[in-house]
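To find a chain, count down the sequence lines: A is the first, B the second, and so on, and within it residues start at 1. Below, each value reflects all heavy atoms present in this structure, side chains not excepted, and no hydrogens, waters or symmetry copies.
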Protein chains: 2
Amino acid sequence: MDEIDRTIVNLLRADGRTSYAELARRVGLTAPSVQDRVVKLERNGVIAGYTAVVDSEAIGLGITALIGIIPDNSADHLDICERLRAIPQIESCYFLAGVECYQLKVRVPKMADLEQLIHRVGAIPGVAQTRTTITLSTKWEDRPQPIPSDGDDHGVD
Amino acid sequence: MDEIDRTIVNLLRADGRTSYAELARRVGLTAPSVQDRVVKLERNGVIAGYTAVVDSEAIGLGITALIGIIPDNSADHLDICERLRAIPQIESCYFLAGVECYQLKVRVPKMADLEQLIHRVGAIPGVAQTRTTITLSTKWEDRPQPIPSDGDDHGVD
DNA sequence: TCATGTAGTGGACGAGATCGACCGGACCAT
DNA sequence: ATGGTCCGGTCGATCTCGTCCACTACATGA
(Lines give C-alpha, C1' and ligand atoms only; values in the text may rest on other atoms or scores of the structure.)
Protein backbone atom coordinates (compact mmCIF):
# COMPACT_ATOMS: atom_id res chain seq x y z
CA MET A 1 0.00 0.00 0.00
CA ASP A 2 2.32 2.71 -1.24
CA GLU A 3 1.62 6.09 -2.78
CA ILE A 4 0.87 4.56 -6.19
CA ASP A 5 -1.65 2.14 -4.69
CA ARG A 6 -3.36 5.01 -2.91
CA THR A 7 -3.56 6.97 -6.14
CA ILE A 8 -5.03 3.99 -7.97
CA VAL A 9 -7.64 3.46 -5.26
CA ASN A 10 -8.55 7.14 -5.26
CA LEU A 11 -8.92 7.15 -9.05
CA LEU A 12 -11.10 4.04 -8.95
CA ARG A 13 -13.26 5.55 -6.23
CA ALA A 14 -13.74 8.65 -8.34
CA ASP A 15 -14.55 6.56 -11.43
CA GLY A 16 -14.87 2.83 -11.00
CA ARG A 17 -14.78 2.21 -14.75
CA THR A 18 -11.41 3.85 -15.40
CA SER A 19 -9.44 1.55 -17.72
CA TYR A 20 -6.11 0.05 -16.70
CA ALA A 21 -4.51 1.96 -19.57
CA GLU A 22 -5.83 5.25 -18.19
CA LEU A 23 -4.77 4.39 -14.63
CA ALA A 24 -1.34 3.50 -16.01
CA ARG A 25 -1.00 6.92 -17.66
CA ARG A 26 -2.02 8.66 -14.44
CA VAL A 27 0.43 6.86 -12.18
CA GLY A 28 3.28 6.56 -14.67
CA LEU A 29 3.36 2.79 -15.03
CA THR A 30 2.31 0.39 -17.76
CA ALA A 31 -1.11 -1.24 -17.95
CA PRO A 32 -0.02 -4.74 -16.91
CA SER A 33 1.68 -3.57 -13.73
CA VAL A 34 -1.31 -1.44 -12.80
CA GLN A 35 -3.54 -4.45 -13.39
CA ASP A 36 -1.23 -6.47 -11.18
CA ARG A 37 -1.57 -3.93 -8.39
CA VAL A 38 -5.34 -3.75 -8.74
CA VAL A 39 -5.67 -7.53 -8.61
CA LYS A 40 -3.60 -7.54 -5.43
CA LEU A 41 -5.70 -4.77 -3.91
CA GLU A 42 -8.80 -6.81 -4.72
CA ARG A 43 -7.34 -9.99 -3.24
CA ASN A 44 -6.27 -8.20 -0.08
CA GLY A 45 -9.77 -6.86 0.41
CA VAL A 46 -8.80 -3.22 0.05
CA ILE A 47 -11.01 -3.03 -3.03
CA ALA A 48 -14.11 -5.07 -2.19
CA GLY A 49 -15.78 -4.54 -5.56
CA TYR A 50 -17.19 -2.02 -7.98
CA THR A 51 -20.67 -0.59 -8.25
CA ALA A 52 -22.77 1.83 -10.23
CA VAL A 53 -23.98 4.79 -8.18
CA VAL A 54 -27.71 4.99 -8.77
CA ASP A 55 -30.09 7.84 -7.99
CA SER A 56 -32.57 6.17 -5.66
CA GLU A 57 -35.34 8.61 -6.53
CA ALA A 58 -34.94 7.83 -10.22
CA ILE A 59 -35.54 4.14 -9.58
CA GLY A 60 -38.61 4.72 -7.48
CA LEU A 61 -37.07 4.60 -4.01
CA GLY A 62 -37.94 8.16 -3.14
CA ILE A 63 -38.20 7.73 0.61
CA THR A 64 -35.16 7.26 2.85
CA ALA A 65 -35.48 6.74 6.58
CA LEU A 66 -33.29 5.90 9.55
CA ILE A 67 -34.60 3.36 12.02
CA GLY A 68 -33.06 2.96 15.46
CA ILE A 69 -33.65 -0.28 17.33
CA ILE A 70 -33.80 -0.63 21.10
CA PRO A 71 -33.50 -4.27 22.12
CA ASP A 72 -34.90 -5.97 25.18
CA ASN A 73 -32.89 -8.04 27.63
CA SER A 74 -33.63 -11.30 25.89
CA ALA A 75 -32.24 -10.09 22.57
CA ASP A 76 -30.36 -12.71 20.54
CA HIS A 77 -28.24 -10.50 18.35
CA LEU A 78 -27.25 -13.19 15.88
CA ASP A 79 -30.91 -13.88 15.28
CA ILE A 80 -31.86 -10.21 15.06
CA CYS A 81 -29.08 -9.57 12.62
CA GLU A 82 -30.09 -12.48 10.43
CA ARG A 83 -33.71 -11.37 10.33
CA LEU A 84 -32.72 -7.82 9.52
CA ARG A 85 -30.49 -9.04 6.71
CA ALA A 86 -33.45 -10.84 5.18
CA ILE A 87 -35.25 -7.52 4.70
CA PRO A 88 -34.07 -6.13 1.34
CA GLN A 89 -35.19 -2.56 2.02
CA ILE A 90 -32.51 -2.25 4.72
CA GLU A 91 -29.57 -0.93 2.75
CA SER A 92 -27.23 -0.39 5.71
CA CYS A 93 -27.12 -1.80 9.23
CA TYR A 94 -24.81 -0.53 11.96
CA PHE A 95 -24.32 -1.94 15.43
CA LEU A 96 -23.98 1.00 17.76
CA ALA A 97 -22.68 1.84 21.21
CA GLY A 98 -25.82 3.26 22.76
CA VAL A 99 -29.38 2.58 23.83
CA GLU A 100 -30.39 2.21 20.22
CA CYS A 101 -28.01 -0.60 19.50
CA TYR A 102 -28.80 -0.82 15.76
CA GLN A 103 -29.37 1.84 13.19
CA LEU A 104 -30.83 0.93 9.83
CA LYS A 105 -30.88 3.00 6.67
CA VAL A 106 -33.89 1.98 4.62
CA ARG A 107 -35.35 3.03 1.29
CA VAL A 108 -38.90 2.47 0.10
CA PRO A 109 -41.11 3.74 -2.73
CA LYS A 110 -44.01 4.98 -0.61
CA MET A 111 -44.95 5.88 2.97
CA ALA A 112 -47.16 2.82 3.17
CA ASP A 113 -44.10 0.66 2.50
CA LEU A 114 -42.23 2.39 5.31
CA GLU A 115 -45.09 1.78 7.72
CA GLN A 116 -45.15 -1.88 6.80
CA LEU A 117 -41.39 -2.08 7.17
CA ILE A 118 -41.46 -0.52 10.65
CA HIS A 119 -44.02 -3.07 11.73
CA ARG A 120 -41.92 -5.88 10.33
CA VAL A 121 -38.81 -4.71 12.17
CA GLY A 122 -40.76 -4.12 15.37
CA ALA A 123 -42.08 -7.67 15.24
CA ILE A 124 -38.62 -9.22 15.36
CA PRO A 125 -38.13 -11.09 18.66
CA GLY A 126 -35.78 -9.18 20.93
CA VAL A 127 -36.74 -5.77 19.50
CA ALA A 128 -38.32 -3.76 22.30
CA GLN A 129 -38.77 -0.51 20.45
CA THR A 130 -37.97 1.25 17.19
CA ARG A 131 -37.52 4.93 16.47
CA THR A 132 -37.86 6.09 12.89
CA THR A 133 -36.65 9.35 11.40
CA ILE A 134 -37.55 10.40 7.88
CA THR A 135 -34.79 12.03 5.86
CA LEU A 136 -36.11 15.17 4.24
CA SER A 137 -33.13 15.41 1.93
CA THR A 138 -29.80 13.76 1.35
CA LYS A 139 -27.19 16.50 1.19
CA TRP A 140 -24.61 13.97 0.08
CA GLU A 141 -23.85 10.31 0.55
CA ASP A 142 -20.81 8.01 0.47
CA ARG A 143 -18.44 10.79 -0.53
CA PRO A 144 -14.95 9.27 -0.70
CA GLN A 145 -12.41 10.97 1.50
CA PRO A 146 -8.70 10.91 0.65
CA ILE A 147 -6.88 7.85 1.94
CA PRO A 148 -4.76 8.79 4.97
CA SER A 149 -1.10 8.16 4.19
CA ASP A 150 0.12 7.28 7.66
CA GLY A 151 2.31 4.56 6.24
CA ASP A 152 0.71 1.79 8.27
CA ASP A 153 -0.83 -1.00 6.24
CA HIS A 154 -3.34 -1.72 9.02
CA GLY A 155 -2.71 -5.42 9.05
CA VAL A 156 -3.64 -5.93 5.42
CA ASP A 157 -0.72 -6.82 3.25
CA MET B 1 -36.87 2.43 -17.99
CA ASP B 2 -38.09 -0.99 -19.05
CA GLU B 3 -37.21 -4.44 -17.81
CA ILE B 4 -33.95 -4.50 -19.80
CA ASP B 5 -32.85 -1.17 -18.31
CA ARG B 6 -33.58 -2.47 -14.83
CA THR B 7 -31.53 -5.59 -15.52
CA ILE B 8 -28.64 -3.51 -16.80
CA VAL B 9 -28.73 -1.26 -13.73
CA ASN B 10 -28.90 -4.25 -11.40
CA LEU B 11 -25.94 -5.88 -13.14
CA LEU B 12 -23.92 -2.67 -12.96
CA ARG B 13 -24.74 -2.27 -9.27
CA ALA B 14 -23.56 -5.81 -8.64
CA ASP B 15 -20.37 -5.21 -10.66
CA GLY B 16 -19.68 -1.72 -11.91
CA ARG B 17 -16.92 -2.90 -14.23
CA THR B 18 -19.03 -5.33 -16.25
CA SER B 19 -18.20 -4.82 -19.92
CA TYR B 20 -20.82 -3.76 -22.45
CA ALA B 21 -20.20 -7.04 -24.26
CA GLU B 22 -20.99 -8.99 -21.09
CA LEU B 23 -24.08 -6.91 -20.34
CA ALA B 24 -25.18 -7.50 -23.93
CA ARG B 25 -24.88 -11.26 -23.49
CA ARG B 26 -26.88 -11.13 -20.26
CA VAL B 27 -29.79 -9.10 -21.63
CA GLY B 28 -29.82 -10.57 -25.13
CA LEU B 29 -28.85 -7.48 -27.10
CA THR B 30 -25.72 -6.37 -28.91
CA ALA B 31 -22.99 -4.30 -27.30
CA PRO B 32 -23.77 -1.05 -29.15
CA SER B 33 -27.43 -1.03 -28.12
CA VAL B 34 -26.53 -1.79 -24.51
CA GLN B 35 -24.02 1.03 -24.60
CA ASP B 36 -26.73 3.29 -26.01
CA ARG B 37 -29.01 2.40 -23.10
CA VAL B 38 -26.27 2.92 -20.51
CA VAL B 39 -25.39 6.32 -21.95
CA LYS B 40 -29.05 7.32 -21.74
CA LEU B 41 -29.30 6.05 -18.15
CA GLU B 42 -26.23 8.13 -17.31
CA ARG B 43 -27.61 11.24 -19.05
CA ASN B 44 -30.96 10.87 -17.29
CA GLY B 45 -29.23 10.71 -13.93
CA VAL B 46 -30.37 7.18 -13.14
CA ILE B 47 -26.74 6.12 -13.10
CA ALA B 48 -24.85 8.91 -11.38
CA GLY B 49 -21.41 7.31 -11.71
CA TYR B 50 -19.28 4.33 -10.84
CA THR B 51 -17.09 3.71 -7.86
CA ALA B 52 -14.79 1.16 -6.29
CA VAL B 53 -16.09 -0.20 -2.99
CA VAL B 54 -13.23 0.12 -0.54
CA ASP B 55 -12.82 -1.47 2.87
CA SER B 56 -12.47 1.55 5.13
CA GLU B 57 -10.52 -0.35 7.76
CA ALA B 58 -8.00 -1.45 5.16
CA ILE B 59 -7.24 2.16 4.25
CA GLY B 60 -6.84 3.25 7.84
CA LEU B 61 -10.31 4.64 8.50
CA GLY B 62 -11.12 2.14 11.21
CA ILE B 63 -13.52 4.31 13.19
CA THR B 64 -17.04 5.09 11.98
CA ALA B 65 -19.40 7.32 13.94
CA LEU B 66 -22.79 8.93 13.56
CA ILE B 67 -23.13 12.54 14.63
CA GLY B 68 -26.52 14.13 15.18
CA ILE B 69 -26.76 17.90 15.08
CA ILE B 70 -29.28 19.97 17.03
CA PRO B 71 -29.41 23.52 15.66
CA ASP B 72 -30.31 26.68 17.48
CA ASN B 73 -32.96 29.15 16.38
CA SER B 74 -30.54 31.34 14.49
CA ALA B 75 -29.34 28.47 12.31
CA ASP B 76 -28.58 29.38 8.70
CA HIS B 77 -28.91 26.01 7.04
CA LEU B 78 -27.24 26.97 3.79
CA ASP B 79 -24.22 28.09 5.77
CA ILE B 80 -24.20 25.04 8.02
CA CYS B 81 -24.46 22.76 5.05
CA GLU B 82 -21.61 24.48 3.28
CA ARG B 83 -19.36 24.27 6.33
CA LEU B 84 -20.19 20.63 6.82
CA ARG B 85 -19.40 19.91 3.19
CA ALA B 86 -15.95 21.39 3.67
CA ILE B 87 -15.13 18.69 6.22
CA PRO B 88 -13.81 15.71 4.26
CA GLN B 89 -14.32 13.17 7.05
CA ILE B 90 -18.09 13.57 6.69
CA GLU B 91 -18.93 10.89 4.17
CA SER B 92 -22.71 11.29 4.30
CA CYS B 93 -25.01 14.09 5.42
CA TYR B 94 -28.77 13.74 5.81
CA PHE B 95 -31.26 16.46 6.63
CA LEU B 96 -33.80 14.92 8.98
CA ALA B 97 -37.30 15.50 10.25
CA GLY B 98 -36.60 15.66 13.96
CA VAL B 99 -34.87 17.51 16.76
CA GLU B 100 -31.53 16.38 15.43
CA CYS B 101 -32.00 17.95 12.05
CA TYR B 102 -28.75 16.60 10.54
CA GLN B 103 -27.13 13.26 10.82
CA LEU B 104 -23.56 12.81 9.67
CA LYS B 105 -21.72 9.60 8.99
CA VAL B 106 -18.03 10.17 9.58
CA ARG B 107 -14.90 8.06 9.35
CA VAL B 108 -11.57 8.75 11.00
CA PRO B 109 -8.35 6.84 11.68
CA LYS B 110 -8.21 7.36 15.44
CA MET B 111 -10.32 8.43 18.39
CA ALA B 112 -8.33 11.63 18.70
CA ASP B 113 -9.42 12.53 15.17
CA LEU B 114 -13.05 11.93 16.10
CA GLU B 115 -12.73 14.18 19.13
CA GLN B 116 -11.25 16.93 17.01
CA LEU B 117 -13.98 16.46 14.42
CA ILE B 118 -16.75 16.72 17.02
CA HIS B 119 -15.26 19.98 18.25
CA ARG B 120 -15.06 21.29 14.73
CA VAL B 121 -18.70 20.46 14.01
CA GLY B 122 -19.81 21.83 17.36
CA ALA B 123 -18.08 25.11 16.61
CA ILE B 124 -20.13 25.78 13.48
CA PRO B 125 -22.41 28.81 14.00
CA GLY B 126 -26.01 27.67 14.41
CA VAL B 127 -25.07 24.32 15.91
CA ALA B 128 -26.44 24.20 19.45
CA GLN B 129 -25.52 20.64 20.29
CA THR B 130 -24.12 17.46 18.80
CA ARG B 131 -24.69 13.85 19.79
CA THR B 132 -22.17 11.27 18.67
CA THR B 133 -22.61 7.53 18.52
CA ILE B 134 -19.73 5.19 17.78
CA THR B 135 -20.47 2.27 15.49
CA LEU B 136 -19.10 -0.90 17.03
CA SER B 137 -19.49 -2.80 13.79
CA THR B 138 -20.94 -2.35 10.34
CA LYS B 139 -23.16 -5.35 9.65
CA TRP B 140 -23.52 -4.25 6.04
CA GLU B 141 -23.59 -1.04 4.09
CA ASP B 142 -25.07 0.25 0.81
CA ARG B 143 -26.51 -3.10 -0.14
CA PRO B 144 -28.39 -2.60 -3.41
CA GLN B 145 -32.01 -3.61 -3.29
CA PRO B 146 -33.86 -4.74 -6.43
CA ILE B 147 -35.34 -1.92 -8.44
CA PRO B 148 -39.11 -1.80 -7.93
CA SER B 149 -40.87 -2.40 -11.26
CA ASP B 150 -43.97 -0.34 -10.67
CA GLY B 151 -43.84 0.93 -14.23
CA ASP B 152 -43.66 4.58 -13.26
CA ASP B 153 -40.60 6.42 -14.51
CA HIS B 154 -40.76 8.86 -11.56
CA GLY B 155 -40.44 11.92 -13.69
CA VAL B 156 -37.13 10.93 -15.21
CA ASP B 157 -37.40 10.16 -18.86
C1' DT C 1 -49.66 5.83 -48.03
C1' DC C 2 -45.76 7.86 -46.88
C1' DA C 3 -42.58 10.57 -43.78
C1' DT C 4 -40.55 10.28 -39.18
C1' DG C 5 -38.55 8.82 -34.99
C1' DT C 6 -36.94 5.08 -32.14
C1' DA C 7 -34.32 0.95 -31.15
C1' DG C 8 -31.60 -2.55 -32.74
C1' DT C 9 -28.08 -5.07 -35.93
C1' DG C 10 -23.75 -5.83 -38.31
C1' DG C 11 -19.26 -4.61 -39.81
C1' DA C 12 -14.90 -2.12 -39.35
C1' DC C 13 -11.27 -0.25 -36.92
C1' DG C 14 -8.75 1.56 -33.11
C1' DA C 15 -8.02 0.97 -28.14
C1' DG C 16 -7.75 -1.86 -24.23
C1' DA C 17 -7.01 -6.32 -21.64
C1' DT C 18 -4.20 -10.04 -20.84
C1' DC C 19 -0.61 -13.39 -21.08
C1' DG C 20 4.11 -15.03 -21.28
C1' DA C 21 8.95 -13.99 -21.63
C1' DC C 22 12.40 -11.12 -20.11
C1' DC C 23 15.00 -7.47 -17.17
C1' DG C 24 17.08 -5.34 -13.11
C1' DG C 25 17.56 -4.27 -8.29
C1' DA C 26 17.18 -5.95 -3.29
C1' DC C 27 18.12 -9.42 -0.20
C1' DC C 28 20.35 -13.46 1.60
C1' DA C 29 23.47 -17.37 2.29
C1' DT C 30 27.42 -19.23 0.97
C1' DA D 1 32.34 -10.70 -3.59
C1' DT D 2 29.30 -14.44 -5.98
C1' DG D 3 25.40 -16.45 -7.30
C1' DG D 4 20.41 -17.64 -6.42
C1' DT D 5 15.93 -15.99 -5.72
C1' DC D 6 12.13 -12.96 -5.17
C1' DC D 7 9.58 -8.90 -6.48
C1' DG D 8 8.02 -5.53 -9.40
C1' DG D 9 8.26 -3.75 -13.67
C1' DT D 10 8.55 -3.60 -19.06
C1' DC D 11 7.78 -5.29 -23.72
C1' DG D 12 5.46 -7.47 -27.41
C1' DA D 13 1.78 -10.53 -29.29
C1' DT D 14 -2.85 -11.71 -29.43
C1' DC D 15 -7.49 -11.59 -28.43
C1' DT D 16 -11.41 -9.04 -26.82
C1' DC D 17 -13.85 -4.90 -26.25
C1' DG D 18 -15.44 -0.17 -27.30
C1' DT D 19 -17.11 2.79 -30.57
C1' DC D 20 -18.58 4.74 -34.80
C1' DC D 21 -21.45 4.50 -38.88
C1' DA D 22 -24.62 2.78 -42.22
C1' DC D 23 -28.56 0.09 -42.67
C1' DT D 24 -33.02 -2.29 -41.08
C1' DA D 25 -37.45 -3.13 -38.70
C1' DC D 26 -41.27 -1.30 -36.58
C1' DA D 27 -44.61 1.80 -34.59
C1' DT D 28 -46.73 6.52 -34.94
C1' DG D 29 -49.21 10.09 -36.99
C1' DA D 30 -50.30 13.49 -40.70
Side-chain angles (χ1 to χ4, degrees), chain A residues 1-55 58-60 144 147-157, chain B residues 1-55 58-60 146-157:
Chain A
M1 196 64 184
D2 58 3
E3 193 52 43
I4 292 181
D5 279 341
R6 271 190 293 275
T7 306
I8 290 174
V9 171
N10 283 331
L11 289 169
L12 283 174
R13 285 218 281 186
D15 179 4
R17 282 180 84 84
T18 311
S19 69
Y20 293 134
E22 177 64 22
L23 293 174
R25 281 188 287 269
R26 300 289 191 88
V27 302
L29 292 177
T30 57
S33 43
V34 166
Q35 188 188 23
D36 188 53
R37 281 171 176 267
V38 171
V39 167
K40 280 174 188 164
L41 288 167
E42 289 169 358
R43 255 206 308 262
N44 294 339
V46 176
I47 296 178
Y50 305 88
T51 187
V53 181
V54 169
D55 177 3
I59 59 171
I147 298 175
S149 57
D150 56 7
D152 185 355
D153 67 1
H154 308 280
V156 180
D157 177 32
Chain B
M1 195 65 184
D2 58 4
E3 193 51 44
I4 292 180
D5 279 341
R6 270 190 292 276
T7 306
I8 291 173
V9 171
N10 283 330
L11 289 169
L12 284 174
R13 285 218 281 185
D15 180 5
R17 281 181 83 84
T18 310
S19 68
Y20 293 133
E22 178 63 22
L23 293 174
R25 281 189 286 269
R26 300 289 191 89
V27 302
L29 291 176
T30 57
S33 41
V34 166
Q35 186 188 24
D36 187 52
R37 281 170 177 267
V38 171
V39 167
K40 280 175 189 165
L41 287 167
E42 289 168 0
R43 255 206 309 262
N44 295 338
V46 176
I47 296 177
Y50 305 89
T51 186
V53 180
V54 169
D55 177 3
I59 59 171
I147 299 174
S149 57
D150 57 5
D152 186 354
D153 68 2
H154 309 279
V156 180
D157 178 29

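- The phosphate of C:dT6 has neither OP1 nor OP2 within less than 4.0 Å of any side-chain N or O from B:K40.
- With D:dG9, D:dG18, C:dT9 as the candidates, the nucleotide lying closest to the side chain of B:T30 is C:dT9.
- Looking at the side chain of B:S19, the nearest of the listed nucleotides D:dG8, C:dG16, D:dG18 is D:dG18.
- Between the side chain of A:T51 and the backbone N or O of B:G16 there is no donor-acceptor pair closer than 3.5 Å.
- To the nearest angstrom, P of D:dT16 lies 18 Å from CG of B:L23.
- Rounded to an integer number of Å, the gap from CG of B:D2 to C1' of C:dG8 is 13 Å.
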Mind running side chain to side chain contact (heavy atoms under 4.5 Å, CB included) on B:I59 and A:M1 for me, showing each step along the way? CA-CA 9 Å; B:I59 59 171; A:M1 196 64 184; 4.0 Å; yes

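- Using modelled atom types, no side-chain atom of A:D36 and backbone atom of A:P32 make a donor-acceptor pair closer than 3.5 Å.
- Distances were taken from every side-chain heavy atom of A:L29 (C-beta onward) to each of D:dG18, D:dG9, C:dA17; the shortest belongs to D:dG9.
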Can you check nucleotides 23-28 of chain D for protein contacts, nitrogen or oxygen pairs under 3.5 Å, and list what you find?
none

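- For A:Y20 and C:dC19, the OH to P distance is 10 Å, given to the nearest whole Å.
- Inter-residue side-chain proximity for B:E22 and B:D15 is flagged as unmet; no heavy-atom pair is nearer than 4.5 Å.
- When the side-chain nitrogen and oxygen atoms of B:R25 are compared with OP1 and OP2 of D:dC17, one or more of them lie within a distance under 4.0 Å.
- Against DNA chain D, the stretch residues 31-38 of chain A makes heavy-atom approaches under 4.0 Å through A:P32, A:S33, A:R37.
- Put simply, the side chain of B:R17 gets close to the backbone of A:T18: a donor and an acceptor are under 3.5 Å apart.
- Across the protein-nucleic acid pair, A:E22 atom CD and D:dG18 atom P stand 16 Å apart, rounded to whole Å.
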